[in-house]
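Shown next, in structure tokens, is the structure this report addresses.
Whatever order the structure lists ligands and atoms in, that order sets their numbers, starting from 1. Computed over heavy atoms, backbone and side chain alike; hydrogens, waters and symmetry mates excluded.
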Amino acid sequence: MDIRTATAAALTDQEVLRLREDFPILQSEVNGHPLVYLDSGATSQRPFAVLDAEREFATTLNAAVHRGAHTLAAEATVAFEDARAALAEFIGADENEVVWTSNATEAVNLVAYSLSNASAGRGGPEADRLRLGPGDEIVTTEMEHHANLIPWQELAARTGATLRVVPLDDDGALRLDVAAELIGERTRLVAVTHVSNVLGVINPVEQLIAAAHAVGALVLLDACQSAPHLPLDVHALGVDFAVLSGHKMLGPTGIGALYGRRELLEIMPPFLTGGSMITTVTATEAEYLPPPQRFEAGTQRVSQAVALAAAVRYLQDVGMPRIAAHEAELGARLVAGLSAIDGVRVLGAGIDLPRVGLASFDIPGIHAHDVGQVLDDAGIAVRVGHHCAQPLHRRLGVTSSTRASTYLYTTGDEVDQVIDAVARTIDFFRRA
Ligand code: PLP
């Protein structure tokens, strides 16, 4: 489903209040105030269903997967593979196209290292078409989280390929006109974020995907900020790779995933090597399992995968289109409310694109850390700093910002509270 044509009804206030009862941490107090958690863009909170799934696995099924011959090991393996199937269905992929990783960062690095192994001649003749070298180009953007930038800088350094960066305009939007010029015959890979973790805008990635595929380049989509908040269908989008982190979508930390188009995973050399990813090993060489196991060396994060599947089911029960509609409303309320405060500059406010419930702002003369501190005193949790997106901040002329980000459990009242608290913060500092 395309969020631009989404017509689902937003969650009602009553529904959100009901959902909040599922999240124990949301009942807590911080600094004498009820917690107002507006940092879901950094990490989301977990409902009982997720906490219970992890505990239940540990108390009834815990065993290493794909190894033992005993009953628990077999049952744990089934639970692990069922979790993979659940995540695959959630993102519109086939089961064997999902590789478990520890987070999105590792998933991007997996692709970057695999391409560099292919460039080093590893992976056999089929992997040759993945080879990168001098004259080849990797295209990414100035909007990326460092996780989708530094691995490409390193890949370029290892292979002699050139990194090209799609710039932003003065508002912070991707310069699609420049992207159209940059993506050309030399481009081998385009790596782009679906939703900006600083601006909250949903990028028109379809255009970039079409441009990349027109020249035979691969596309890696950073879905960290989209998979938790929007309906996502990687097959419908036609991306070659997508990465996500479980902890941003109600799941535990320590688990993430790489989606890779099956034909690609089949020819990609592994990133990590060792146990669990082989068929036969001699003292001098090894044969590898087909994907996804080829990319899952070592003992896996089984309880985390099972808990992430519970998170996915929870999100599906609420309904991704409705979550997207709820967050679009919260995002609009956040941007409008913050922009209306004299002295606040909402980064990317002028961009005419649909949004999730996330906004970052700068208050000239007041450091983001001070803003964060005052909000924290009122029990409001926001993120301050560069949010792992230094190039974007530099382009917009700031070194840091304060970010408020919502999720399905965020109420409109909480959004209003942060807006009021920011206004009070400015008054406080101006009087001081
Ligand atoms: N990409 C985006 C857009 C993100 O927001 C994040 C996390 O903040 C990441 C990548 C990296 O995620 P992780 O640190 O879980 O690997």
Side-chain angles (χ1 to χ4, degrees), residues 37-46 87 91 98-113 140-154 165-166 168 172 174 190-203 205 208 219-230 232 234 237 239 241-259 271-272 295 301 304-305 307-308 311 327 331 347-348 353 355-360 381-393 400-407:
Y37 188 73
L38 290 171
D39 199 17
S40 293
T43 201
S44 57
Q45 299 301 349
R46 293 171 226 175
L87 182 65
I91 62 169
V98 169
V99 176
W100 294 118
T101 60
S102 54
N103 51 31
T105 303
E106 186 189 311
V108 179
N109 276 279
L110 189 162
V111 175
Y113 274 94
T140 185
T141 87
E142 209 174 8
M143 191 187 275
E144 302 308 312
H145 187 284
H146 298 161
N148 197 28
L149 178 63
I150 301 171
W152 308 123
Q153 296 174 349
E154 287 291 321
V165 181
V166 177
L168 305 181
L174 289 177
V190 175
V192 63
T193 194
H194 198 180
V195 171
S196 164
N197 70 315
V198 179
L199 310 177
V201 293
I202 305 169
N203 284 320
V205 289
L208 295 174
V219 177
L220 180 140
L221 186 73
D222 180 346
C224 275
Q225 299 290 347
S226 59
H229 305 285
L230 314 172
L232 176 70
V234 290
L237 273 177
V239 289
F241 301 106
V243 302
L244 56 84
S245 268
H247 68 94
K248 292 183 193 288
M249 44 196 288
L250 309 186
T253 50
I255 186 89
L258 167 71
Y259 157 76
F271 164 30
L272 300 175
F295 301 100
R301 318 136 187 102
Q304 292 91 331
L308 179 53
E327 294 206 68
L347 305 183
L353 283 174
R355 288 166 193 277
V356 298
L358 181 153
S360 302
V382 292
R383 171 95 185 252
V384 295
H386 51 63
H387 322 311
C388 300
Q390 287 190 11
L392 181 155
H393 278 86
S400 63
S401 61
T402 305
R403 182 181 75 184
S405 52
T406 71
Y407 210 173

Which ligand 1 atoms, with their elements, are less than 4.0 angstrom from a heavy-atom of N197? 3 (C), 5 (O)
Less than 4.5 Å apart, any side-chain heavy atom of V166 and any of T140? no
Will you find, in the side chains of T193 and H145, an N or O donor that is under 3.5 Å from an N or O acceptor? no
Enter the distance from K248:NZ to T43:OG1 here, rounded to the nearest 0.5 Å. 6.5 Å
Residue-level breakdown please: for H247 versus ligand 1, do any non-hydrogen atoms fall below 4.0 Å on the side chain, on the backbone, on both, or on neither? side chain
Looking at ligand 1, would D222 count as a contact under a 4.0 Å heavy-atom criterion? yes
Using 30° and 60° as the class limits, which term best fits the ring planes of Y113 and F271: parallel, tilted or perpendicular? parallel
Please indicate whether any nitrogen or oxygen in V195 is less than 3.5 Å from any nitrogen or oxygen in ligand 1. no
Regarding ligand 1, does T105 bring an N or O atom to under 3.5 Å of one of the ligand's N or O atoms? yes
Just let me know how K248 lines up against ligand 1, side chain, backbone, both or neither, with a heavy-atom cut-off below 4.0 Å. side chain
Shortest protein heavy-atom distance from atom 12 (O) of ligand 1, along with the residue and atom involved: S245 OG, 3.6 Å
Heavy-atom contacts with A104 under 4.0 Å: which atoms of ligand 1 show up? List them by number with element. 12 (O), 16 (O)
Check against side-chain contact (heavy atoms from CB on, under 4.5 Å), R403 and L358: CA-CA 7 Å; R403 182 181 75 184; L358 181 153; 4.0 Å; yes
Decide yes or no for Q45 and Y407: does some side-chain heavy atom of the first lie under 4.5 Å from some side-chain heavy atom of the second? no
For atom 5 (O) of ligand 1, the protein heavy atom that lies nearest, with its residue and separation: Q225 NE2, 2.7 Å
May I ask you to identify the nearest protein heavy atom to atom 4 (C) of ligand 1, giving residue, atom name and distance to one decimal place in Å? H145 CD2, 3.3 Å
Taking the side chain as C-beta and beyond, is there a heavy-atom pair between H229 and V195 under 4.5 Å? no
